[in-house]
Amino acid sequence: MANVILPSGDTVVVDGGDLLAVLKERGETAAAVVVDGQLHDVRDPLPSRGDARAIGLDDPAAIEVLRHTASHVLAHAVTRLYPGVKLAIGPAIAEGFYYDFRFPAPINRDDLPRIAEEMAKIVAEDLPIERVWLPRNKAAALLAEKGEAYKLELLGEIPDERISFYRQGEFIDLCRGPHLPSTGLVQHFVLLDLAGAYWRGDATRDMLTRIYGTAFPTREALAEHLKWREEARKRDHRLLGPELDLFSIQNETVGAGLVLWHPKGAAVRHEIETFWKEEHYRAGYQLVATPHIGRARLWETSGHLDFYKDGMYSPMDIEGQEFYLKPMNCPFHIAIYKTHTRSYRDLPIRYAELGTVYRFERSGVLHGLLRVRGFTQDDAHIICRPDQIEDEVLACLDLTLHILGAFGFRDYKVALSVRDPEHTEHYIGSDAMWEEAERSLVRALERKGLPHIRMAGEAVFYGPKIDLHVLDSLKRSWQLTTIQFDFNEPERFDMAYIGDDGQAHRPYMVHRALLGSLERFFGILIEHYGGAFPAWLAPVQAAVLPVTEAEIPYAEGVAAELRAAGIRAEAWTKERKTLRWLIREAQVQKVPYMLVCGAREAAGGAVAVRLRTGEDLGHQRVADVVTRIKGAVTSRGASL
RNA sequence: GCCCGUGUAGCUCAGUCGGCAGAGCACUUCCUUGGUAAGGAAGAGGCCGUCGGUUCGAUUCCGACCGCGGGCUCCA
């Protein structure tokens, strides 16, 4: 006898375990059952005693089940339409689901409506979804008979002797579940995309066809999701970049993955850089500048030529010496450190640089500003004593939260990546160093009040790290800040400081980037703001718009006055366009302040102020407008 | 690199079932002196991604190559 809380909130006592019948009797539906925090099928036998909770489709925990079942409905439809198709895997993912297939002949996007139609039929048929347990040999025989080679491979990796399958109508699939009780519950779904995907993500194995889709419990939630996708598409920095004349990437003339910052993009970059430099000086960093190339021996010493050669460009011959374009700034910063004998009193030393590096990326992975071949890291290396490390990490967190906050990023997720405890031999540095480093990272996070997820085995070989992910205005997650211990290079470069005991000691080095790279960060910023930058970042902060030709000199005077006050202002006087045209152009360019100059304004030393938001502030004295804009700029706030 | 899609004017895209290439925006000139999201007219602009094949004839059909877009484990 089990007590079951139903989706309606009522509690019933289910005898004999037939929950489905009870639900039907009461006119309720359930997606799954939660027992001891685990999701189970509604059809599963209930525990002999204790409590269970049947959850409805709209329960947040049910969405994965819904989407997983949707992927089965997809696979079912595909097997009906394309005899001979082979099934691979079909999980629920963060925003929906996918299923990987090997089709007998290539399909394309135009096939998706047909498949979706077939899915709708399967939903309308409301087929019961039942779990079938087979002994291993029967499971293997079934899959072999169906020629499901990929499934057989998966079967080989399942340790159990009892193998779980799910059956709906004539379709049966190896699957661990759980699933909805019937196909009729997958009402609101859509197929979105088609893409290639390697079997098991391995480039040496078969290329499969992946079909992406998503499903929601209600029509409204699905519609909202599609709207969100549309909004994200409109904010795509690769669309907005050319549209707002911010940057270009010209493969034919310049090269793939190499970014040209146009005047307007460069204006934003200048603001980012200025702010960044000021804050770093304030936080006790010293700015350095280092060259773009360096001798091969530098990269031999650092180990890059051993571990990272594939990511580096070919060497160039300069007077018989090999030089490489730099993929990282660290060796140069270390070289500066080593120009003196350092005392424990000198530490911590914090070298910061907006350092431009070049890394080889395969052409297929290049993506707008987010994945490029030449980029400027907002890099810094903190060289310190072991007893200083915790405070240094804390100071890094303070600085990055302050800087990211200024760009409107206030939601964070933090990941702490540490060694794989099973394979400590894959990592450089002593156990004591790793433990102390992790302790100081955790303590710094705790002092900052930042919850984090600990990821064992995610650390790079040379040290543990903290990665900060921010959520943008569309709640999308981007990894920006990384704070990494480096046990490798201090060793390789034989870095030292003289302690109070008069002996040489090995310093700790922390490598950190807060924004990641200026290129990538700019791309994220464009999408975060949808191109409508706050006043302090806006490439053109104010457009001065004359109503008629008569006001052109006045408009130019106003713009000059604003520029003298340090505001990026332009008088739009090169062409005699109607005011309507000028306003529209300023709106499209997302200029925050539009200052209209007509005869009335020109007569009184005023402008009529229109904000990008559409708000009309009416007549304002020019001096007051300057004060307002300066205020918005210096506060680096979002309001205009 | 690999799978699917795609490549026509500076930009966004039509189009040619094989017969001298089209629109809107932008650009140039002229008219218009216009008060809060596009005033009107005319003009200029193309090796239809590149190379090869089929053909009397290819931007169109076929092949190769190049570029671009989406994607390439969030694991039955």
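Please read these numbers as outputs of a predicted model, since none were measured by experiment. Letters A, B, ... mirror the listed sequences (proteins, then strands); counts begin at 1.
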Answer yes when A:Asp193 and A:Arg210 have at least one side-chain N-carboxylate O distance shorter than 4.0 Å, and no when they do not.
->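 No.
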Salt-bridge present (A:Glu95, A:Arg229; N to O < 4.0 Å) |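 No salt bridge links A:Glu95 with A:Arg229.
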What closest approach, in Å, do A:Leu369 and A:His237 show between heavy atoms, and which atom pair accounts for it?
->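 Heavy atoms of A:Leu369 and A:His237 come nearest at N-NE2, 2.8 Å.
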Minimal non-hydrogen separation, A:Asp624 against A:Gln620, with atom names |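 Smallest interatomic distance, heavy atoms only, reads CB-OE1, 4.4 Å.
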Going by heavy atoms closer than 4.0 Å, what residues in residues 143-151 of chain A are next to RNA chain B?
->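 Output list: A:Lys151.
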What residues in residues 59-79 of chain A put a non-hydrogen atom under 4.0 Å from any atom of RNA chain B?
->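 Hits under 4.0 Å, by residue number: none.
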A:Glu585: partners by side-chain hydrogen bond (donor to acceptor under 3.5 Å, both in side chains), with sequence neighbours left out =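 Expected list: none.
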Rounded distance in Å between the C1' positions of B:A21 and B:C13 =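 That atom pair is separated by 14 Å.
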Looking at the rings of A:His76 and A:His72, which for Trp means the six-membered one, are their centres under 6.0 Å apart?
->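 No, the ring of A:His76 stays outside the 6.0 Å limit from the ring of A:His72, centre to centre.
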Not counting sequence neighbours, list each pair that qualifies as a ring-ring contact (aromatic ring centres under 6.0 Å, His included) and has a residue in residues 88-114 of chain A.
->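 Qualifying pairs, neighbours excluded: A:Tyr82-A:Phe103, A:Tyr98-A:Tyr212, A:Tyr99-A:Phe101, A:Phe101-A:Phe103.
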In this structure, are over 12 heavy atoms from other groups packed under 6.0 Å from A:Glu64 atom CD?
->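 Not more than 12 within 6.0 Å, no.
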Going 5' to 3' on RNA chain B, which nucleotide is the first and which the last to come under 4.0 Å of a heavy atom in chain A?
->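 First-to-last contact on RNA chain B, by the 4.0 Å heavy-atom rule, is B:G1 to B:A76.
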Any idea how A:Phe522 and A:Phe247 line up, ring-wise: parallel (<30°), tilted (30 to 60°), or perpendicular (>60°)?
->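 Geometry flag for A:Phe247 against A:Phe522: perpendicular rings.
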Hey, could you give me the CD1/CG distance between A:Ile526 and A:Leu246, rounded to the nearest 0.5 Å?
->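 Answer for the CD1-CG pair, A:Ile526 versus A:Leu246, is 5.0 Å.
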Name all stems that contain residues of RNA chain B, defined as runs of 3 or more consecutive Watson-Crick or G-U wobble pairs, both distances under 3.5 Å.
->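 RNA chain B forms these stems: B:1-7 with B:66-72, B:10-13 with B:22-25, B:27-31 with B:39-43, B:49-53 with B:61-65.
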Whichever of A:Met207 and A:Leu174 has its nearest RNA chain B nucleotide further upstream toward 5' |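 Looking at the nearest nucleotide for each, A:Met207 comes out on the 5' side.
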Could you check A:Arg176 against A:Thr578 and say which one's nearest nucleotide on RNA chain B is further toward the 5' end?
->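 First, find each residue's nearest nucleotide; the 5'-ward one identifies A:Thr578.
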